[in-house]
Amino acid sequence: MIFTPFEPERPRSERRRFRAIPARLLLPNVVTLLALCAGLTAIRLAAEQKFEWALYAIVFAALLDGIDGRLARMLKGTSRFGAELDSLADFVNFGVAPAFLIFNWGLGSLKSLGWICVMIFALASALRLARFNVASDEGRPKWEAAYFIGMPTPAAAIVVLLPVYIEHLGFDGIRESRVMLDIVLLYTLLIAFLMVSTIPTFSGKLLGERISREYVLPIFVLAIGFVALLVTYPFGTLTGASAVYLALIPPSWRRYMVRAAQEQQSKSAAPEAPPSEAASRDGGRVVAIRSADPPR
């Protein structure tokens, strides 16, 4: 008997270990990777003291983050891999990069205290993303989709850099004043707390479902106007957008609580059938079936 030292070559169909992936699954992940590249570039630019360009890179990453999820849903290309990649990219782009930037910008002057502050911010973003990943929308009413629980990490990354925007508007004494740096430190901790809190904030998810025709053109004009302002006056636009977003948090909280109270009242006001009676419909007529009397 002759024994061959090698196994015979298998057909190509048997050698294939992975099934083919549709091309539409790749495009959203490519956008996510581009956002991750922008976040990593922001870290490098912050280390080189190029804070203005680092800000642009973080804002660009935030814009790409708003595109990849919608693109995946539009192309029906959502996947578990894409969700995990998006979460990791968000931690780098909106947790590590802003913390690194604001530490090199000014909080580094506070030595260990400033480092602890930015480390808490980065850890809060990681906890916020972990809570978002394990949260389930099953069993929640549709109106709750209009709210995030806590401040989302992309918004926190933009808002926490508000002192840097203000400095570029002409207020040059922020980094030279110890009092102002202490205020920046407390402000950073506040944004970190809002991320891990249960305070509801507007998500805007339900705004794009149905839009009246009379509002289509004004929305186009507002969107183009915002982009034009962002390109022409970036720091003034980012300052105004951050201030408006922070000002909307109390109304969002109040509106959420009012809606939740109304939902609770509607549930408690719903009539319940007695346990001893069951209604059955026979020929359009409701017949009450009572339980038999107990034996005497």
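What's counted below: heavy atoms across the whole structure, side chains too, no hydrogens, waters or symmetry copies.
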Output the distance between atom [atom1] ([X]) and atom [atom2] ([Y]), rounded to the nearest 0.5 Å.
X: I166; Y: D172; atom1: CD1; atom2: CG; answer: 12.5 Å
X: N104; Y: F100; atom1: CG; atom2: CZ; answer: 4.5 Å
X: I249; Y: W253; atom1: CD1; atom2: CH2; answer: 10.5 Å
X: S177; Y: D182; atom1: OG; atom2: CG; answer: 8.0 Å
X: I158; Y: L63; atom1: CD1; atom2: CG; answer: 7.5 Å
X: L129; Y: L88; atom1: CG; atom2: CG; answer: 9.0 Å

Taking the side chain from [X] and the backbone from [Y], do they hold a donor-acceptor pair closer than 3.5 Å?
X: T237; Y: Y233; value: yes
X: S125; Y: A122; value: yes
X: T153; Y: F94; value: no
X: R44; Y: L40; value: no

**Study point:** Derivation of the side chain to side chain contact (heavy atoms under 4.5 Å, CB included) call for Q49 and F51
**Key:** CA-CA 6 Å; Q49 305 292 312; F51 302 120; 3.1 Å; yes
Review point. In terms of the angle between their ring planes, are F235 and Y165 parallel, tilted or perpendicular, with boundaries placed at 30° and 60°?
Key: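 It falls in the tilted class, 30° to 60°.
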Check [X] against [Y] and note the closest heavy-atom contact, atom names and distance.
X: N29; Y: G82; result: OD1-CA, 3.3 Å
X: A124; Y: M195; result: CB-CE, 3.9 Å
X: A42; Y: A57; result: CB-CB, 3.7 Å
X: T188; Y: L107; result: OG1-CD1, 4.1 Å
X: R128; Y: P152; result: NH2-CA, 3.8 Å
X: P98; Y: F121; result: CB-CE2, 4.1 Å

Taking the side chain as every heavy atom from C-beta outward, state whether [X] and [Y] have any atom pair closer than 4.5 Å.
X: D65; Y: N93; answer: no
X: F202; Y: R255; answer: yes
X: R131; Y: T198; answer: yes
X: R175; Y: V184; answer: no
X: Y147; Y: T201; answer: no
X: F91; Y: D86; answer: no
X: Y187; Y: L162; answer: yes
X: F171; Y: P163; answer: no

According to a hydrophobic-cluster definition based on side-chain heavy atoms being under 4.5 Å apart (Ile, Leu, Val, Met, Phe, Trp, Tyr only), do [X] and [Y] belong together?
X: L34; Y: M74; value: yes
X: I183; Y: I174; value: yes
X: L186; Y: L123; value: yes
X: V159; Y: I199; value: yes
X: V59; Y: V92; value: no

Point to revise | W53 side chain to E48 side chain, donor-acceptor N/O pair below 3.5 angstrom | key: no
Point to revise | Modelled atom types, side-chain donor and acceptor of S87 and N133, under 3.5 Å | key: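 Checked: S87/N133 side chains pair up, N/O donor to acceptor below 3.5 Å.
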Check your understanding: When you look at CE of M257, are more than 12 heavy atoms from neighbouring residues, nucleotides or ligands closer to it than 6.0 Å?
Key ->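 Not buried by this count: 12 neighbours or fewer within 6.0 Å.
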Review point. Is the number of heavy atoms from other residues, nucleotides or ligands within 6.0 Å of CZ (F60) greater than 12?
Key: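 Count not over threshold, so no.
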**Study point:** Pair W115-I120, side chain to side chain contact (heavy atoms under 4.5 Å, CB included): steps then yes or no
**Key:** CA-CA 9 Å; W115 176 249; I120 290 175; over 6 Å; no
Practice item. Report the C-alpha separation of L246 and I191 in whole Å, then their side-chain angles, then the decisive distance to 0.1 Å, and conclude whether the side chain to side chain contact (heavy atoms under 4.5 Å, CB included) test is met. Key: CA-CA 10 Å; L246 291 173; I191 301 301; 4.3 Å; yes
Exercise for review: Check step by step if side chain to side chain contact (heavy atoms under 4.5 Å, CB included) holds for Y245 and M151.
Suggested key: CA-CA 10 Å; Y245 184 83; M151 183 181 292; 3.7 Å; yes
